[in-house]
Amino acid sequence: AISPMNPYRYQIIAEIMMQIALYDQAVVLLKAAEERELLFRDLLDKLALALVHTGKKEDALTYLAKLLQLDPNSISHMNNSAICYKAMGEFNRAIAMYRRAMEIEPGNISIRFNLALALLNKGKKDEAIVELSRVLDINPKHERAKARHLQLTDPEKYRAYLAESKKPSE
């Protein structure tokens with residue numbers, strides 16, 4: 001049997017719970033680990049992710065901030081923080097977090113694409129188009145970036161693109 005004081009016990013059980021979408025139960029379990037002072041970086045990350053999935057984005061941001069203190073260059077933690085800010089309607093903070101991540105890893109197309117979406121949410125269409133163009137420069141086959149770029153720059157081609165993508169493949 002694994003000791004209740006073994007932090008890996010909490011990690012394994014929380015991972016299983018999260019794989020089967022039992023996020024509320026995973027939060028309870030991970031909070032219990034926190035009370036026992038058994039949280040380590042991987043468990044903090046799991047707790048933040050579980051909190052995001054349960055809609056508790058402010059709480060998730062608390063843990064993500066702790067994680068960023070431990071690892072200030074973590075693109076993953078910056079991305080998750082920005083996703084929380086964006087979901088909370090705090091677009092300026094989301095954009096700032098994505099830009100911080102881009103300083104560390106400018107070629108990361110996921111971060112750049114998410115930045116473009118946050119810029120769109122903020123009403124900064126021209127800046128979003130620039131970021132989408134950069135995503136397509138890095139990966140011309142990025143379908144979501146291609147579709148969004150066409151939607152913003154050439155609505156007629158976008159309609160044709162949609163019609164083409166809905167055709168059954170031969």
Could I get the full list of side-chain hydrogen bond (donor to acceptor under 3.5 Å, both in side chains) partners for [X], not counting sequence neighbours?
X	value
R159	none
D59	none
Q151	none
K56	none

Out of curiosity, [X] [atom1] to [Y] [atom2], how far, rounded to the nearest 0.5 Å?
X	Y	atom1	atom2	value
M102	I95	CE	CD1	13.5 Å
I104	I75	CD1	CD1	4.5 Å
N114	N108	CG	CG	9.0 Å
D24	L51	CG	CG	9.5 Å
L68	S81	CG	OG	5.0 Å

Least distance between heavy atoms, A116 atom then A128 atom: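 Nearest pair, atom of A116 first, then A128: O-CB, 3.5 Å.
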Write down the atom of L64, the atom of C84, and the distance for their closest heavy-atom approach.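 Here L64 and C84 meet closest at CD1-SG, 4.1 Å.
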Is any side-chain heavy atom of [Y] closer than 4.5 Å to one of [X]?
X	Y	value
L152	L132	yes
I111	E105	no
L67	S74	no
N79	S110	no

Which pairs with one or both residues in residues 107-162 pass ring pair (Phe, Tyr, Trp, His ring centres under 6.0 Å), sequence neighbours excluded?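 Pairs touching residues 107-162 that pass the test: F113-H142.
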Only pairs at least two apart or in different chains count here, so list each ring pair (Phe, Tyr, Trp, His ring centres under 6.0 Å) that has a residue in residues 81-110.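 Non-adjacent pairs meeting ring pair (Phe, Tyr, Trp, His ring centres under 6.0 Å): zero.
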Should side-chain heavy atoms under 4.5 Å link Ile, Leu, Val, Met, Phe, Trp and Tyr, which residues sit in the same cluster as V130?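 Hydrophobic cluster check, V130: no partners found.
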Listing request: all salt bridge (Lys or Arg N to Asp or Glu O under 4.0 Å) pairs with a residue in residues 118-133, at least two apart in sequence or in separate chains.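 Sorted pair list: R99-E127, R112-E131, E131-R134.
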Pairs in or reaching into residues 74-94: which pass salt bridge (Lys or Arg N to Asp or Glu O under 4.0 Å), with residues at least two apart or in two chains?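 Found E90-R93.
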When you group the ILVMFWY residues by side-chain heavy-atom contacts below 4.5 Å and let the links chain together, are [Y] and [X] in the same group?
X	Y	result
L119	M88	yes
M97	I83	yes
L115	V135	no
I129	L150	no

Report the residues that fulfil side chain to side chain contact (heavy atoms under 4.5 Å, CB included) with D137, sequence neighbours left out, ordered by chain and then residue number.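 Side chain to side chain contact (heavy atoms under 4.5 Å, CB included) list for D137, sorted by chain: empty.
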Considering residues at least two apart in sequence or located in another chain, which fulfil the salt bridge (Lys or Arg N to Asp or Glu O under 4.0 Å) criterion with E143?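 If we apply the salt bridge (Lys or Arg N to Asp or Glu O under 4.0 Å) test to E143, skipping adjacent residues, the hits are K146.
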